[in-house]
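Throughout, protein chains are lettered first and strands after them, A, B, ... in sequence-line order, and every chain is numbered starting at 1.
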Amino acid sequence: MRFALKPGHVVLLLFFIAAALLPLFVDPRGHLLRVAAMALLFAAMAQSWNIVGGLANQISLGHAAFFGLGAYTSTLLFLRLGISPWIGMLAGAMVAGIAAALLSVPTFRLKGHYFALATLAFAEVLRVIANSWADLSGGPVGLTVPFLGTQPLSFAFRAVSSYYWIILALLVIVCVVFYVLAHGAMGYRLRAVRENEAAAEVAGVNTFRVKLVASVISAALTAMCGTVFAQFTFFFDPDSIFSLSGISVRMAMIAIVGGLGTLGGPIIGALFLIPLEEVANAYLSSRAAGLSQLVFGLILIAAILIQPRGIMAFFPKSRVKTPPKAQPATEGARG
Amino acid sequence: MTVATLGRRGALAALLGAGLFAAGAPIAARAADDVVIGVIQPLSGPNAQFGIGSLRGIELAADTINAAGGIKALGGAKIKLVTADVPTPNTAAAATQRLISQNGVSAVIGAFVSSTTLAASEVTERAGIPLVTFAFADQITGRGYKYVFQVSPKGTVFGKAQFDYATEIAKAAGEKIDKIAILYEDTAYGTAQAKGLREAAKAAGVEVVMDEAYPLGITDVSPLVNKLKASGAQMAFPVSYLNDGLQIIRALRQQNIDIPVVGGAAGYIIPDFKKGLGDYAEGVLSVAAASGDLIPEVAAEYKKKYGTFITHEALIHAAALDAVVQAMEKAKSSDPEKVRAELASLDYCKGFAQGVPGGCIKFDANGLNASAFPVFVQWRGDEPVTVYPPKAAKQKPIWRGKTVE
């Protein structure tokens, strides 16, 4: 792997530094910091999704499954056994990784829409289980993370800024993992799978193994985001944590609007969509029912129509992509 | 800074401002600042009609209080409502935080749906802002939180009342109940109420021949209804929001199954129930947290303003706002900490509190309104009427077509 500092990387580094300094300049208990924290968390989630969705073009609409597994694993371990959510976060990542591996066996033979539907169903199954198996999950009432004041070892803080920095650190980790995967041998194999799976197989790529590794890593990172979400919001229930529109679709949407398969895409997508949604809610939700969602939806449609390849396409040099001359052939083969 | 450095537009604005200030000063000096109260309700999404009804109740209460001179202890300060739409629990935390830090609310009222209220309460508790709610789930006041207040009884209490009242009415009508059926949607509200029903049946030695959860948004209820028919239950207790409730009643009536149905509030007692079912609605019983006929003047006012009868969520939320205002009157302050202290010791039996069965708002150590109890309403024509227990009833209940004395 060859590392060269490109302008895009400088921008990203500057962004991380600026983001790290933000809590020093805004109200540490305020609304702005909470929205910023959620935007960074969704950026991390979308980046995790981007590993399979972007690099291998396996469009998953069920990543809420791993997100929820992360939240449930750490919270249940803490509530039932008193195990710190920090350890629970790793346990959740393992559980989600195993789930992803098991799910891969039947689903990776599926293509396109069929794969998306299978992943969607998986998250729905977990939602139903969490709702009905109340002895294990606490049932439809959901789980409350106890309010402990500031106890760093138990992943509990009074200030929003503490959570904000943890979320930022998680985003940096996910971005580094994505970068390493995208630029290493793994990245080439994944892109080979994306462009033409049969050709990749013929060229000696073990496509099943490549996709398996990518989806396990993606699921584990998503689960870690789930733990952080549970700790940050203190409450979740099966319908919200395994939500199709609230989590699964949103992860994919952020990556797609930002720029599928790019390093900066999920970050730009999240920084665009999450605050936009919040602003729409703040100014419109009290005027007419559903108006804020309508406006948000219209802006989303406009964004996709104006630039279907995502916001990152406005910065062509930073795109992670195959050489242009390979495009026509692969387009044909894919269809 | 002189006028010259401001530029022309700035100077104009400064002049205008000075003029306005001079003109408004004599009056403005006497009028107190508005008191800002946050409202979180599901105004979009599947629970929108309940959220909109709740918001109307709160607006009615705010208008009534403002028209009567505002908050007297604060120099006639007017109530200013700031509303946020919270269709799902995921949106509740950010919206509540926004009301607290952007709008500086003194208290928050909402959010009808139990899970959304639980999520919002995590924010209000940490920020030290009182949250007064109508949501049912037992967990809301079961966590030892200091800043959350529940105006109506808990979900399990509703479930128990749903069973106890129904069997008492049946007994008075000369029918002994041995077998019942429970159908509930698998939400926080449905499961809590089903639990209360189940335990009450067990305590009374009545067999639950069908105990079935179904998902919210169920589209085909015929398996449920067939099972109910075959179960031999003498009475059915569905706990559901609107659409599932409509389907269940319609399917029962269309198949000429005449076993009495006792609904679990929510969808069974809103105007859309009658709209969706027409004559099939007649005689359906339901448990309720409040009813318009307990406070006729307010009910008439509401009907004049919004064109439908006042629902229990509108009434209870109006009472919630009134409770906050009373706490401010007693505290002579809108400081959240002082408002909380006065809410905790409130004993208020006037105004909108009269619409709550029991007629009062008085919170216990957990923040639960200890004086409130559920009532039974029964559909008569276009409106549900309070029929049970006798201390609150306005008319006699009808059981299998006969009036029960």
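The part of Pro87(B) that comes within reach of chain A is its side chain, from C-beta onward, which places non-hydrogen atoms under 4.5 angstrom from that chain. Of the atoms belonging to Ser114(B), not a single heavy atom falls under 4.5 Å from chain A. If you measure heavy-atom distances from Val39(B) to chain A, you find no contacts under 4.5 Å at all. Both the backbone and the side chain of Ala119(B) come within less than 4.5 Å of a heavy atom of chain A. The part of Val145(A) that comes within reach of chain B is its backbone (N, CA, C, O), which places non-hydrogen atoms under 4.5 angstrom from that chain. Of the two parts of Ala137(B), neither the backbone nor the side chain holds a non-hydrogen atom closer than 4.5 Å to a non-hydrogen atom of chain A.
Side chain of Tyr145(B) to main chain of Asn366(B): no donor-acceptor pair is present (N/O by atom type, distance under 3.5 Å, no hydrogens or angles).
For the set Met38(A), Glu277(A), Glu278(A), the count of heavy-atom pairs under 4.5 angstrom toward chain B peaks at Glu278(A). Chain B forms more heavy-atom pairs under 4.5 Å with one residue of Phe235(A), Phe229(A), Phe236(A) than with any other, namely Phe235(A). Ranked by heavy-atom pairs under 4.5 Å with chain A, the list Ser115(B), Ala95(B), Ala92(B), Gly190(B) is led by Ser115(B). The residue among Val86(B), Leu118(B), Asp138(B) with the most heavy atom pairs within less than 4.5 Å of chain A is Leu118(B).
For Arg34(A) and Tyr164(A), the positive end is not near the middle of the six-membered ring at less than 6.0 Å and at most 45° from its axis.
The aromatic rings of Trp86(A) and Phe155(A) sit parallel, their planes meeting at an angle under 30°, below the 60° perpendicular limit.
Side chains of Ser54(B) and His317(B): a donor-acceptor N/O pair is present below 3.5 angstrom, by distance only.
A salt bridge is absent between Glu313(B) and Arg56(B); no separation between the charged side-chain nitrogens and carboxylate oxygens falls under 4.0 Å.
Taking the six-membered ring for Trp, Tyr184(B) and Tyr214(B) have ring centres at least 6.0 Å apart. The aromatic ring centres of Phe158(B) and Phe136(B) sit less than 6.0 Å apart.
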